[in-house]
Amino acid sequence: DYVQKGDALLSEKRYQDAIACYNKAIKIEPEKAIAWFKLGIANLRVKRYKIAIACYDKALELKPDYHQAWRDRGVALGNLRQHQEAFISFDKATQFKKDDAVAWLNRGLALEELEEYDIAIASFDKVIELKPDSYKAWNHRGYALVRLGRDEEALLCFDKALSIQPDYANAYYNKAACYALQRQVE
C-alpha cells in the first residue's frame with residue numbers, strides 16, 4: 001500500500017519520494033485522512049509549510065478529531081510565524097488528546113510568542129504533570145516567569161531543567177540572563 005511505502009521512504013528521509021507515494025495513495029483513496037496527514041508531514045519536513053497546512057486541513061475535514069493533524073498544523077503555522085493560529089491548533093490538539101505532552105509544550109511556546117506568559121505557564125505545568133523530566137518545559141516555564149518578574153521561581157525552574165539535562169545550553173543562557181537582569185552576575 002502506498003501509505004506504507006511512503007512511511008518507509010519518510011523514515012529514510014527520502015521526502016520527495018514519500019510525497020509521490022502519499023499523492024498516489026490520495027489519488028486511489030481521496031477520503032483517507034491518514035494519507036493527507038502523512039503528506040502534510042512530508043511537506044513539513046521539506047519546509048513547504050503552506051502545502052503542509054492544506055494537507056492537515058484536508059485530513060481534519062475528513063477526521064475533525066485527528067489530534068496529530070491539529071498538532072502538526074500548529075507546528076507548520078508556527079514556522080510561518082502565525083502564532084495565534086498555531087495556538088488555536090495546539091489548543092485543539094490538547095482538547096482531543098489531553099495527555100499529549102508535545103501538544104501542550106507547543107501550546108505553551110505559541111503563547112510565549114504571543115507574550116501570554118501566565119497562560120503559557122499553565123501549559124508548561126501540564127507538560128510537567130504529564131512528563132516531569134521535560135527539561136524544555138522547565139526551561140520555558142522559567143523564561144515565562146522571568147518575563148513576569150518572578151525571578152526566584154524562574155531560577156528554580158532553570159536549575160530543575162539543568163538537573164535533568166546538565167548540558168542544556170538554553171537553560172544556562174536563561175539563568176545567566178535572569179541574574180544579569182537582577183544585576184547579580186556571578
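Model, not experiment: these values are computed from the prediction.
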Exercise for review: Would you kindly confirm whether Leu109 and Tyr49 end up in one hydrophobic cluster when ILVMFWY residues are joined by side chain heavy atoms under 4.5 Å apart?
Suggested key: no

Review point. So do Asp151 and Leu145 actually touch side chain to side chain, heavy atoms under 4.5 Å?
Key: no

Point to revise | Minimum heavy-atom distance between Gly74 and Ala86, given as atom pair plus value | key: O-CB, 3.4 Å

Exercise for review: Treat each ILVMFWY residue as a node, draw an edge where side-chain heavy atoms are under 4.5 Å apart, and state whether Val146 and Leu148 are in one component.
Suggested key: no

Exercise for review: Could you check if a side-chain atom of Ile19 sits within less than 4.5 angstrom of a side-chain atom of Arg48, using non-hydrogen atoms only?
Suggested key: yes

Point to revise | Which atom of Arg73 lies closest to which atom of Ser89, heavy atoms considered | key: NH1-OG, 2.7 Å

Review point. Is it true that Lys98 and Asp100 have a side-chain N and a carboxylate O under 4.0 angstrom from each other?
Key: no

Review point. Is there a path from Leu162 to Leu155 through hydrophobic residues (I, L, V, M, F, W, Y) whose side chains come within less than 4.5 Å of each other?
Key: no

Practice item. Evaluate the criterion salt bridge (charged side-chain N to carboxylate O under 4.0 Å, His left out) for residue pair Asp1 and Lys32; output intermediate values, then yes/no. Key: CA-CA 12 Å; Asp1 132 297; Lys32 195 169 186 176; 3.4 Å; yes

Check your understanding: Is the Trp70 ring parallel, tilted or perpendicular to the Phe96 ring (thresholds 30°, 60°)?
Key -> parallel

Check your understanding: Does Ile53 share a hydrophobic cluster with Ile26, counting links as ILVMFWY side-chain heavy atoms below 4.5 Å and allowing steps through other members?
Key -> yes

Point to revise | Residue pair Asn139 / Lys160, side-chain heavy-atom distance below 4.5 Å | key: no

Check your understanding: Are the side chain of Asn43 and the backbone of Leu39 linked by a donor-acceptor contact shorter than 3.5 Å?
Key -> yes

**Study point:** Over all atoms of both residues, closest heavy-atom pair of Arg141 and Cys157
**Key:** NH1-SG, 3.3 Å

Review point. So, the side chain of Tyr172 versus the backbone of Pro166: is there a donor-acceptor pair under 3.5 Å, distance only?
Key: yes

Review point. Okay, side chain of Ser11, backbone of Ala8: is any donor-acceptor separation there less than 3.5 Å?
Key: yes

Review point. What is the distance from atom CD1 of Ile34 to atom NZ of Lys38, rounded to the nearest 0.5 Å?
Key: 4.5 Å

Revision key, fill the gap. Interatomic distance, CD1@Ile164 vs NZ@Lys136, rounded to 0.5 Å, equals 12.5 Å

Point to revise | Residue pair Ala103 / Ala93: nearest heavy atoms and the distance that separates them | key: CB-CB, 3.9 Å

Practice item. Take Arg81 and Glu113 through the test side chain to side chain contact (heavy atoms under 4.5 Å, CB included) and record every step on the way to the result. Key: CA-CA 9 Å; Arg81 315 279 313 148; Glu113 289 290 340; 3.3 Å; yes

Point to revise | Short side-chain to backbone donor-acceptor contact, Trp36 and Pro30, under 3.5 Å | key: yes

**Study point:** Nearest heavy-atom neighbours spanning Ser123 and Trp104
**Key:** CB-O, 3.6 Å

Review point. Should Cys21 and Val3 be marked as a side chain to side chain contact (heavy atoms under 4.5 Å, CB included) after you check the CA-CA gap, both sets of side-chain angles, and the distance that decides it?
Key: CA-CA 7 Å; Cys21 278; Val3 172; over 6 Å; no

Review point. Between Arg150 and Glu152, is a side chain to side chain contact (heavy atoms under 4.5 Å, CB included) present by the stated rule, with each step listed?
Key: CA-CA 6 Å; Arg150 294 162 58 186; Glu152 295 305 317; over 6 Å; no

Review point. Between Tyr2 and Tyr22, does the ring centroid distance fall short of 6.0 Å?
Key: no

Review point. Just by distance, do the side chain of Asp91 and the backbone of Phe87 share a donor-acceptor pair under 3.5 Å?
Key: no

Point to revise | Qualifying ring-ring contact (aromatic ring centres under 6.0 Å, His included) pairs with a residue from residues 141-162, counting only residues at least two apart or across chains | key: none

Check your understanding: If we only count heavy atoms from C-beta on, is the Leu156 to Trp138 side-chain gap below 4.5 Å?
Key -> no

Check your understanding: Hey, what do you get for OG1 (Thr94) to NE2 (His67), rounding to the nearest 0.5 Å?
Key -> 10.5 Å

Check your understanding: Short question: side chain of Tyr66, backbone of Tyr56 - any donor-acceptor pair under 3.5 Å?
Key -> no

Review point. Around atom NZ of Lys126, are there more than 12 heavy atoms of other residues, nucleotides or ligands at under 6.0 Å?
Key: yes

Review point. Going hydrophobic residue to hydrophobic residue with side-chain gaps under 4.5 angstrom, can you get from Tyr135 over to Phe124?
Key: no

Practice item. Check the pair Leu105, Arg107 against side chain to side chain contact (heavy atoms under 4.5 Å, CB included), reporting the backbone distance first and the verdict last. Key: CA-CA 5 Å; Leu105 180 66; Arg107 182 182 188 273; over 6 Å; no

Review point. Heavy-atom distance under 4.5 Å between the side chains of Leu114 and Ile119, does that happen here?
Key: no

Study note, to complete from the structure: Shortest non-hydrogen pair, Ala59 vs Ala33, comes out as CB-O, 3.6 Å

Check your understanding: Are the charged groups of Glu112 and Arg147 less than 4.0 angstrom apart, N to O?
Key -> no

